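Read the structure below first, then the notes.
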Amino acid sequence: MTKLEFKNNVFVLSEKLFPMVSRILGSREKTEDAIQEIMIKIWQKRMKLRNHPNISGFVFLTARNYCLDVLRKNKIEPYGDASHLRIIKSKDENNLEWQELNKIILDILNTLPVQQKEVFLMRDIDGYDFTEIASALNIKQTHARVLISRARKQIGSALIKIYDYEKGAY
C-alpha cells in the first residue's frame, strides 16, 4: 500500500474513530495520542492490508482493541465509568431535570449486557452505522441490529417503570 493509498483508505478514517476512542479513553489528549498510535500500527501493517476485504472494519477493530489494551494496561475497567457521557441533548445542560434524566439513563445503561451497551453507545452516541459497529465488534450487522433493538427496548421499559412509579407516588 502506497502513502497515497494509505492516506485515502486508512488515514481518512481517523476522524470517524474519534468519537469511539474518545468515549472509551475519556479525554481529548488521550484520544489524539491513541489515534496517532493506531495509525502508526496500521501503517506498519500496510503491506498486509493491500488485499484486505474490509479495510475500514480492520481499522475500527484495531482502534477498539488498542483502546481496551490501554485501559487494561492501566487497570481501568472498560466501559465502567460512563458518567462523562451526555446521552440526551439539552440547550441547558445545567437544568436539574436534564441532569437527573441523563443519570437515570446512564444507570440503566450500566445494567445492560456489555455488547448491548457498546452497540447502543456506538450507534446512538457516537453515530456509527451498522457496518462500522459490526466491524469494530467483530459481529454480523444483523446481530448489531438485534443488540441495539434489545438495548433500546430495555432502556425504554426501565424508563417507563421509573416514571410510572413516580406518577403513582403522588
Side-chain angles (χ1 to χ4, degrees), residues 12-35 37-38 54-167:
V12 296
L13 297 172
S14 60
E15 282 185 35
K16 283 206 80 136
L17 293 175
F18 199 89
M20 177 183 66
V21 174
S22 178
R23 178 178 42 78
I24 295 171
L25 297 180
S27 78
R28 184 173 186 84
E29 295 81 21
K30 288 179 185 176
T31 301
E32 290 170 352
D33 291 345
I35 289 176
E37 289 296 320
I38 292 162
N54 186 358
I55 291 176
S56 67
F58 177 81
V59 171
F60 276 90
L61 185 60
T62 301
R64 178 179 171 272
N65 290 341
Y66 177 85
C67 292
L68 295 178
D69 288 346
V70 166
L71 293 178
R72 285 186 195 109
K73 205 180 296 181
N74 295 322
K75 296 185 170 111
I76 299 171
E77 184 65 31
Y79 310 108
D81 180 29
S83 60
H84 64 283
L85 290 178
R86 298 296 169 248
I87 303 298
I88 52 174
K89 304 277 189 239
S90 173
K91 290 181 181 175
D92 182 15
E93 293 187 2
N94 293 322
N95 179 310
L96 288 176
E97 289 177 21
W98 177 86
Q99 290 175 354
E100 182 180 345
L101 179 58
N102 198 64
K103 184 185 179 326
I104 289 169
I105 295 172
L106 285 171
D107 291 344
I108 295 167
L109 261 179
N110 288 327
T111 66
L112 296 178
V114 174
Q115 260 195 333
Q116 283 183 18
K117 178 181 178 178
E118 202 168 354
V119 170
F120 177 84
L121 292 171
M122 290 180 79
R123 177 72 178 165
D124 291 346
I125 305 303
D126 299 339
Y128 293 124
D129 62 39
F130 287 109
T131 56
E132 294 164 335
I133 294 168
S135 296
L137 300 180
N138 204 17
I139 60 176
K140 294 183 177 183
Q141 284 186 42
T142 53
H143 187 57
R145 290 177 191 280
V146 168
L147 290 170
I148 190 78
S149 176
R150 288 179 182 165
R152 288 174 179 164
K153 187 174 184 177
Q154 284 185 267
I155 292 168
S157 296
L159 285 173
I160 288 170
K161 284 180 188 175
I162 290 168
Y163 282 101
D164 277 352
Y165 171 77
E166 288 179 358
K167 285 180 188 175

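All of these numbers come straight from a predicted model, not from anything done at the bench.
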SB check Lys103 Asp107 (cutoff 4.0 Å): yes

Asp33 and Lys30 ion-paired at < 4.0 Å: no

Ile133 vs Asp126 side-chain heavy atoms within contact, under 4.5 Å: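 Heavy-atom side-chain distance check fails, nothing below 4.5 Å.
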
Flag side-chain contact, heavy atom, 4.5 Å: Lys73 against Asp69: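 Of all side-chain heavy-atom pairs linking Asp69 with Lys73, none is under 4.5 Å.
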
Kindly compute the distance separating [atom1] ([X]) from [atom2] ([Y]), expressed to the nearest 0.5 Å.
| X | Y | atom1 | atom2 | value |
| --- | --- | --- | --- | --- |
| Gln116 | Leu121 | CD | CG | 11.5 Å |
| Asn138 | Phe58 | CG | CZ | 11.5 Å |
| Leu101 | Leu106 | CG | CG | 9.5 Å |
| Phe120 | Leu112 | CZ | CG | 8.0 Å |

Worked check of side-chain contact (heavy atoms from CB on, under 4.5 Å) between Ile139 and Gln115: CA-CA 10 Å; Ile139 60 176; Gln115 260 195 333; 3.4 Å; yes

So which heavy atom on [X] is nearest to which on [Y], and how close?
| X | Y | value |
| --- | --- | --- |
| Ser135 | Gly57 | CB-CA, 3.1 Å |
| Ile108 | Ala158 | CD1-CB, 3.5 Å |
| Leu25 | Ala34 | CD1-CB, 3.5 Å |
| Leu61 | Ala136 | CD1-O, 3.0 Å |

Residues 14-21, side-chain donor-acceptor partners within the protein, below 3.5 Å, at least two apart:
| residue | atom | partner | partner atom | Å |
| --- | --- | --- | --- | --- |
| Ser14 | OG | Phe11 | O | 2.8 |
| Lys16 | NZ | Glu132 | OE1 | 3.4 |
| Lys16 | NZ | Glu132 | OE2 | 2.8 |

Working for side-chain contact (heavy atoms from CB on, under 4.5 Å), residues Ile24 and Val70: CA-CA 10 Å; Ile24 295 171; Val70 166; over 6 Å; no

Show me the donor-acceptor pairs within less than 3.5 Å that the side chains of residues 146-157 make with the rest of the protein, sequence neighbours left out.
| residue | atom | partner | partner atom | Å |
| --- | --- | --- | --- | --- |
| Arg152 | NE | Asp124 | OD2 | 3.0 |
| Arg152 | NH2 | Asp124 | OD1 | 2.6 |
| Arg152 | NH2 | Asp124 | OD2 | 3.4 |
| Ser157 | OG | Lys153 | O | 3.0 |

Residues that Tyr128 engages under ring pair (Phe, Tyr, Trp, His ring centres under 6.0 Å), provided they are two or more places apart: Phe60

